[in-house]
Amino acid sequence: MTYDPGLVARIADALVNMSERGVRQKNVFGGRGFLIGKSAFAIAWNDGLLVKTPRAEYERLLEQRGVTPFQPDGESAMGTWLVVDAEVIADDPELSDWLQRGLRAIR
């Protein structure tokens with residue numbers, strides 16, 4: 001898999017604008033992951049985003065258009081990780097909303 005470097009830059013900028021500290025990047029699942037400590041909360045993956053979500057929000061978020069469970073290699077869904085299509089995060093406010101969900105999931 002590959003990832004969109006432009007999306008990586010947008011994510012990094014959004015996290016700075018959200019005043020998030022201690023975020024590091026690492027290659028994860030063939031994408032570019034964003035982590036705090038050892039916990040990944042978002043991954044730029046292809047032209048979309050993988051986001052860890054709080055368990056209480058997972059089912060409701062699956063009802064949104066352009067959001068599907070993350071199922072690597074077609075296996076069962078991986079925890080509360082979701083795939084968010086590029087068009088869902090095309091605008092910065094929506095991207096920030098998804099990043100905030102990921103941060104809530106690891107806190």
Side-chain angles (χ1 to χ4, degrees):
M1 295 285 161
T2 60
Y3 58 87
D4 176 359
L7 177 57
V8 171
R10 285 182 58 219
I11 293 168
D13 288 346
L15 292 167
V16 167
N17 290 335
M18 294 162 54
S19 299
E20 286 298 328
R21 304 270 188 260
V23 176
R24 65 186 180 95
Q25 296 183 33
K26 179 180 178 180
N27 291 336
V28 181
F29 295 121
R32 190 70 177 165
F34 290 80
L35 301 84
I36 293 182
K38 294 182 180 182
S39 300
F41 61 91
I43 302 168
W45 192 64
N46 294 330
D47 61 349
L49 188 68
L50 299 179
V51 180
K52 183 163 183 66
T53 60
R55 188 163 305 282
E57 298 176 30
Y58 181 77
E59 292 298 326
R60 178 181 54 83
L61 293 169
L62 271 176
E63 296 172 3
Q64 294 187 22
R65 183 184 57 78
V67 176
T68 56
F70 177 51
Q71 297 175 282
D73 299 323
E75 296 180 13
S76 60
M78 188 174 146
T80 59
W81 283 90
L82 295 173
V83 179
V84 182
D85 290 344
E87 61 268 6
V88 175
I89 55 167
D91 296 320
D92 290 341
E94 287 77 13
L95 175 61
S96 293
D97 287 345
W98 282 99
L99 293 173
Q100 288 171 351
R101 287 180 183 108
L103 289 163
R104 281 196 310 271
I106 64 167
R107 291 189 167 140

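The chain is numbered in sequence order, starting from 1.
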If you group Ile, Leu, Val, Met, Phe, Trp and Tyr by side-chain heavy-atom gaps below 4.5 Å, do [X] and [Y] land in one group?
{"X": "L62", "Y": "L49", "result": "yes"}
{"X": "F41", "Y": "M18", "result": "yes"}
{"X": "M78", "Y": "L50", "result": "yes"}

Could you report the tightest heavy-atom contact between I11 and A44, atom names first, then the distance? CD1-CB, 4.0 Å
Do you know the tightest heavy-atom contact between L82 and P69? CD2-CA, 4.0 Å
For D92, enumerate each residue passing the salt bridge (Lys or Arg N to Asp or Glu O under 4.0 Å) test, keeping only those at least two apart in sequence or located in another chain. R10
Residues which pass salt bridge (Lys or Arg N to Asp or Glu O under 4.0 Å) with R32, listed by chain and number, not counting sequence neighbours: none
Contacts of F70 that satisfy ring-ring contact (aromatic ring centres under 6.0 Å, His included) - sequence neighbours left out: F29, W45
Who are the side chain to side chain contact (heavy atoms under 4.5 Å, CB included) partners of [X], not counting sequence neighbours?
{"X": "R24", "value": "K26, L35"}
{"X": "E57", "value": "P54, R60, L61, R101, R104"}
{"X": "T80", "value": "K52, T53, R55, Y58"}

A side-chain contact here means heavy atoms from C-beta on lying under 4.5 Å apart; do V67 and V51 qualify? no
If we only count heavy atoms from C-beta on, is the Y3 to I43 side-chain gap below 4.5 Å? no
With sequence neighbours excluded, residues passing side chain to side chain donor-acceptor pair (under 3.5 Å) with [X]:
{"X": "R107", "answer": "E20"}
{"X": "D47", "answer": "none"}
{"X": "Q64", "answer": "none"}

What's the separation between atom CG in L99 and atom CD1 in I89, rounded to the nearest 0.5 Å? 8.0 Å
Working to the nearest 0.5 Å, report the span between CZ of R21 and CG of L15. 11.0 Å
Sidechain-backbone polar pair: D91 side chain, P93 backbone, donor-acceptor under 3.5 Å: no
